[in-house]
Enquirer: 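One structure is given below, represented as structure tokens, and several questions about it will come after.
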Number of protein chains: 2
Amino acid sequence: MTDTINIVTTEVPGPKSKVAAQQLDSIFDARAVHFVADYAKSSGNYIVDVDGNKYLDVYAQIASIPVGYNNKTLMEAARSPEMISALVNRPAIGNFPAENWMSILRDNLMRAAPKGLDQIFTAHSGSEANELAYKAAFMVHQRRLRGEGVEWTEEEISSCLNNAKPGSPDLAIMSFNNSFHGRGFGSLSTTRSKAVHKLDIPAFNWPKATFPALKYPLEKHAAENAAEEKRCLEEVESLIKTWHSPVAAVIVEPIQSEGGDNHASVAFFQGLRAITKKHNVLLIVDEVQTGFGATGKFWGHDHWDLSSPPDIVTFSKKAQTAGYFFSDSMLRPDKPYRQFNTWMGDAARVILSSAVIGEIFEKKLVEQTARVGAVLYAELEKLASRYPQLIQNLRGKGQGTYIAFDTVSAAPLLKKMKHLGINIGSCGKETIRLRPMLIFEEKHVAPLIEAFEKAFEQ
Amino acid sequence: MTDTINIVTTEVPGPKSKVAAQQLDSIFDARAVHFVADYAKSSGNYIVDVDGNKYLDVYAQIASIPVGYNNKTLMEAARSPEMISALVNRPAIGNFPAENWMSILRDNLMRAAPKGLDQIFTAHSGSEANELAYKAAFMVHQRRLRGEGVEWTEEEISSCLNNAKPGSPDLAIMSFNNSFHGRGFGSLSTTRSKAVHKLDIPAFNWPKATFPALKYPLEKHAAENAAEEKRCLEEVESLIKTWHSPVAAVIVEPIQSEGGDNHASVAFFQGLRAITKKHNVLLIVDEVQTGFGATGKFWGHDHWDLSSPPDIVTFSKKAQTAGYFFSDSMLRPDKPYRQFNTWMGDAARVILSSAVIGEIFEKKLVEQTARVGAVLYAELEKLASRYPQLIQNLRGKGQGTYIAFDTVSAAPLLKKMKHLGINIGSCGKETIRLRPMLIFEEKHVAPLIEAFEKAFEQ
């Protein structure tokens with residue numbers, strides 16, 4: 001089957017990629033280019049580069065291609081009159097929405113809304129979605145203090161224009177060590193994964209809690225891990241109580257992705273929900289990477305069985321657009337234009353998102369990801385028993401294809417895998433993360449496992 | 001000519017708009033909706049709403065529609081195979097750029113690059129573009145301190161993950177009172193126009209300088225205005241010298257738009273360039289609203305005749321995409337992945353931008369805007385002599401169609417104008433700002449002026 005042939009005939013990047021990247025670098029920083037892609041020739045799970053190399057893509061544009069290159073349904077959506085209009089007549093959505101904006105949201109993005117959340121705010125990127133969520137959290141915090149319906153004071157109004165209290169209050173968002181929540185000045189203040197993202201950039205003095213460092217295999221370390229999670233939850237509560245400024249919200253990823261594919265148990269997240277509820281602190285779940293099916297449920301937090309939903313859920317990447325869901329009407333600011341910007345996202349991208357959601361539901365891709373993920377995990381488990389040094393701390397069981405493991409040295413392994421026709425990524429320190437698309441099938445497991453075997457033998 | 005018929009037959013918003021906005025409001029905050037638009041029926045300078053009302057649009061989606069609704073060249077671009085691919089195969093541009101990314105940038109966006117700037121970084125929005133510019137400024141500031149090629153210390157690396165010094169240094173961006181630079185946590189810290197944007201949101205303690213408050217007509221207040229600008233420049237220099245933390249950059253709009261259409265003289269901007277050069281502070285020119293032709297030059301700062309170009313120029317709105325231009329190679333960070341994110345803008349929007357630039361150059365729309373703007377200004381000047389209370393401080397002479405005036409009460413005037421078939425916006429306190437598209441022609445001046453007359457007479 002041509003669909004499962006991956007073949008690399010040059011070094012990676014190949015000679016044409018190198019020349020193209022060099023040329024690009026004259027006007028646009030190309031130092032992070034892996035290879036230059038030929039998207040016309042790419043298809044489904046396979047990406048082709050300008051040297052004609054074809055890779056099985058289990059990195060998928062940093063976990064953001066949902067349903068395959070040149071997906072037919074998405075191409076239809078891209079050619080639709082609605083798309084042409086959204087591209088050419090780009091509206092200031094908050095002021096002059098198109099006639100079909102309501103139906104685009106209701107019949108599509110809202111179909112994907114997390115349980116219990118019935119409102120949406122659209123954005124351009126995961127970073128922006130998280131910052132909008134923080135702003136919503138800060139505004140509701142002050143609104144509760146001020147009292148419902150109480151007007152802003154002259155002092156608040158004038159001081160905020162000077163970035164001073166009381167108008168610009170000292171409030172905080174708590175995040176966890178190793179987290180990644182984006183690169184804006186607010187979102188970057190909550191990102192704690194790597195210095196390369198943060199160094200030299202001024203940051204808010206916000207609290208950082210410890211994310212549980214679980215030991216694997218989980219079944220052998222149950223008591224230790226439970227103690228670790230308990231300790232982390234106590235730290236969260238203690239920081240909320242003792243931080244020098246009020247904590248308006250806690251933000252957490254269902255699986256810390258950029259920071260190393262770190263998991264925590266359902267009990268941990270239930271505990272986090274309980275603590276945040278108790279202290280009237282919002283719980284923001286950052287589903288930028290976990291959302292839209294990759295964990296074998298539509299949302300990563302669907303695994304948690306919470307007694308009350310998160311206050312805000314942010315999304316981007318596989319959604320091909322971005323934004324946040326919420327339900328508390330208090331999270332709509334007391335006045336219009338406070339949570340606002342010129343474009344408020346991009347209707348063109350929301351139309352594409354609609355096609356993605358259609359594909360996911362019609363083709364049962366969440367179920368497929370759960371099923372194929374189980375097969376993939378079982379195969380990796382076997383491989384881990386043969387190469388215990390090269391596959392350590394295998395994780396992601398029951399989390400669809402959201403699987404990762406630590407290895408002794410990730411960079412050379414990634415390089416070998418590329419030469420073997422697998423486009424694959426890493427995270428954390430020496431972690432290999434699998435981020436195949438939702439259309440990754442059973443038949444793609446074998447070529448991936450075989451490539452690992454070959455790479456390990458080399 | 002049907003092209004110049006504007007007709008409103010219902011109240012504004014009309015009954016259908018009201019119902020549609022109400023429905024939308026059940027899932028998406030619709031409190032700022034002016035009316036719900038029928039973009040299929042909108043064309044050129046005219047926007048049509050769902051009630052069938054047709055308005056001459058001199059607001060243009062908050063100054064962001066460049067070359068008209070349903071522009072044919074843009075529609076062709078929207079239907080092109082390049083566009084379909086960019087939409088469906090959305091790349092992580094920094095890692096896996098498409099084969100044509102180089103030519104898209106070089107043959108299009110770079111054609112529009114400000115004189116002296118030969119590098120580009122792409123983004124999603126004006127807010128993001130400004131924040132990326134701030135990050136570039138902070139990184140180069142620390143790089144100069146650290147010394148070229150000097151490695152990061154362990155202390156820098158570990159402290160930045162705690163948002164603490166020295167890794168997260170206390171550095172500042174200076175902006176002016178009444179400025180608007182966006183709504184992210186960094187960009188919002190430099191925005192100083194209105195409390196509605198800033199209240200309740202934590203902000204960095206960054207300096208705010210005074211933007212000149214010029215008196216009109218300019219020719220009658222030459223000495224006073226020169227003294228005012230001198231005072232403001234002295235304040236800028238004094239703040240740079242005395243602020244508690246180093247000022248890495250000053251950001252300024254060529255015309256403060258959201259903050260009230262405030263202008264300053266060429267001499268002021270030349271002085272600002274001189275002071276920033278002298279103190280090794282970057283000058284960032286925010287051309288999000290002024291860029292892409294609206295002032296009768298391609299860039300607002302083209303009016304200034306600077307001896308050396310701004311260090312960074314940011315853009316969005318009429319560009320239909322966003323980003324920043326620069327030239328200093330030091331503004332590329334010392335390592336890859338520091339200035340990076342998953343998507344790095346949207347190639348689909350850059351392709352559209354290319355079509356916009358093509359239209360502007362081929363149809364000589366900058367020249368047209370300069371020419372039509374002069375006619376429009378002259379007509380408004382006449383009107384001002386008849387209604388001196390209703391048109392005060394007319395400004396924007398020689399600045400294309402970027403024209404504004406103060407009035408006694410903007411909101412009711414805007415409402416009347418809408419009923420008279422003109423979609424128009426305000427800014428600052430009681431300022432009417434004209435933001436027609438670049439395809440606004442001489443023939444559109446008369447209906448606009450007539451509507452003002454009728455509104456003033458009512």
Side-chain angles (χ1 to χ4, degrees), chain A residues 23-24 27-29 31-32 34 36-39 50 61-62 69 74-75 78 84-85 87-89 91-92 94-99 102 105 119-120 124-125 131 135 138-139 142 157 160-161 163 167-168 171 183-186 189 192 195-196 198-203 332 336-338 341-342, chain B residues 23-24 27-29 31-32 34 36-39 50 61-62 69 74-75 78 84-85 87-89 91-92 94-99 102 105 120 124-125 131 135 138-139 142 157 160-161 163 167-168 171 183-186 189 192 195-196 198-203 205 332 336-338 341-342:
Chain A
Q23 287 175 341
L24 178 59
I27 55 173
F28 183 89
D29 189 348
R31 288 174 298 172
H34 291 212
V36 176
D38 183 340
Y39 289 108
V50 288
Q61 309 295 333
I62 319 180
Y69 295 110
L74 268 58
M75 289 182 84
I84 310 293
S85 183
L87 284 170
V88 171
N89 307 309
N95 283 161
F96 306 98
E99 197 175 6
M102 169 65 176
L105 291 179
Q119 301 283 311
I120 190 159
H124 294 97
S125 67
E131 296 216 343
K135 288 174 74 172
F138 290 134
M139 285 190 252
Q142 293 301 91
I157 290 169
C160 80
L161 292 170
N163 296 3
S168 304
L171 300 175
R183 290 176 174 261
F185 283 81
S189 288
R192 309 284 189 158
V196 71
K198 290 175 68 79
L199 192 73
D200 300 338
I201 312 300
R332 253 189 212 195
Y337 286 105
R338 300 190 71 189
N341 57 64
T342 298
Chain B
Q23 288 176 342
L24 178 59
I27 56 172
F28 183 89
D29 188 347
R31 288 173 297 171
H34 292 214
V36 176
D38 183 340
Y39 290 107
V50 289
Q61 310 294 333
I62 320 180
Y69 294 110
L74 268 59
M75 290 182 82
I84 310 294
S85 183
L87 284 169
V88 171
N89 307 310
N95 283 161
F96 306 99
E99 198 176 4
M102 170 65 177
L105 291 179
I120 190 160
H124 294 97
S125 67
E131 297 216 344
K135 288 174 74 172
F138 290 134
M139 283 190 254
Q142 292 301 91
I157 291 170
C160 81
L161 292 170
N163 295 5
S168 303
L171 300 174
R183 290 174 174 263
F185 283 80
S189 288
R192 309 284 188 158
V196 71
K198 290 175 68 79
L199 192 74
D200 300 340
I201 311 300
N205 182 14
R332 253 189 211 194
Y337 286 106
R338 300 190 72 188
N341 57 64
T342 298

Enquirer: Measure across B:A32 and A:P336 and return the closest heavy-atom pair with its distance rounded to 0.1 Å.
Expert: N-CB, 4.4 Å
Enquirer: Taking every non-hydrogen pair under 4.5 Å, which of B:I84, B:D38, B:N89, B:L74 racks up the most with chain A?
Expert: B:N89
Enquirer: Please flag which part of A:V196 lies under 4.5 Å from any non-hydrogen atom of chain B: side chain, backbone, both or neither.
Expert: both
Enquirer: Quick one: does B:M139's side chain get under 4.5 Å of A:I201's, heavy atoms only?
Expert: yes
Enquirer: So which atom in B:L199 and which in A:R338 form the shortest heavy-atom distance, rounded to 0.1 Å?
Expert: O-NH2, 2.9 Å
Enquirer: Which atoms of A:T342 are under 4.5 Å from chain B, going by heavy atoms: the side chain, the backbone, both sets, or neither?
Expert: both
Enquirer: Can you measure from CG (B:N163) to NZ (A:K198) and round to the nearest 0.5 angstrom?
Expert: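 Output value for this atom pair is 4.0 Å.
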Enquirer: Is B:V50 in contact with chain A via its backbone, its side chain, both, or neither, using a 4.5 Å heavy-atom distance?
Expert: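 Contact with chain A: side chain only.
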Enquirer: Just verifying a value: how many Å separate B:I120 CD1 and A:D29 CG, rounded to the nearest 0.5 Å?
Expert: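 The distance works out to 13.0 Å.
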Enquirer: Just how far is it from atom CG of A:N341 to atom CD1 of B:I62, taken to the nearest 0.5 Å?
Expert: 8.5 Å
Enquirer: Quick one: which of B:V88, B:N205, B:N95 has the most heavy-atom pairs under 4.5 Å with chain A, could you say?
Expert: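 Heavy-atom pair counts peak at B:N95.
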Enquirer: If you count heavy-atom pairs under 4.5 Å with chain A, which of B:H124, B:R31, B:E99 comes out on top?
Expert: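 That would be B:R31.
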Enquirer: Can you see which heavy atom on A:D200 is nearest to which on B:L171, and at what distance?
Expert: O-CD1, 4.1 Å
Enquirer: State which residues pass ring-ring contact (aromatic ring centres under 6.0 Å, His included) with B:F28; sequence neighbours excluded, sorted by chain then number.
Expert: A:W101
Enquirer: Mind ranking B:G167, B:S85, B:S125 by heavy-atom pairs under 4.5 Å with chain A and telling me who comes out on top?
Expert: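 Of the options given, most contacts go to B:G167.
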Enquirer: Quick check on the interface: out of B:M75, B:H34, B:Q142, who has the most heavy-atom pairs with chain A under 4.5 Å?
Expert: B:H34
Enquirer: Where do B:Y39 and A:F96 come nearest, in terms of heavy atoms and distance?
Expert: OH-O, 2.5 Å
Enquirer: Applying side chain to side chain contact (heavy atoms under 4.5 Å, CB included) to B:V36 and A:M102, what does each step give before you reach the verdict?
Expert: CA-CA 10 Å; B:V36 176; A:M102 169 65 176; over 6 Å; no
Enquirer: Under 4.5 Å, counting heavy-atom pairs only, tell me which of A:A195, A:P202, A:A92 racks up the most with chain B.
Expert: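 Max contact count across the listed options: A:P202.
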Enquirer: Taking the side chain from B:Q61 and the backbone from A:P91, do they hold a donor-acceptor pair closer than 3.5 Å?
Expert: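 It does not hold such a pair.
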Enquirer: Looking only at non-hydrogen atoms, find the nearest pair between B:E131 and A:G184 and report the distance.
Expert: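 In this case the closest contact between B:E131 and A:G184 is OE1-CA, 3.5 Å.
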Enquirer: Highest number of heavy-atom pairs under 4.5 Å with chain B: which of A:R332, A:Q23, A:Q119?
Expert: A:R332
Enquirer: In Å, rounded to the nearest 0.5 Å, how long is the span from CG of B:L161 to CZ of A:R192?
Expert: 8.0 Å
Enquirer: Side chain, backbone, both or neither: which part of B:S189 has a non-hydrogen atom closer than 4.5 Å to chain A?
Expert: both
Enquirer: Looking at A:P97 and B:L24, what are the two nearest heavy atoms and their distance?
Expert: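 What the structure gives for the nearest pair is CG-CD2, 4.1 Å.
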Enquirer: Flag the pair B:K135 / A:R183 as yes when at least one side-chain heavy-atom distance between them is below 4.5 Å, and no otherwise.
Expert: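 B:K135 reaches A:R183 side chain to side chain.
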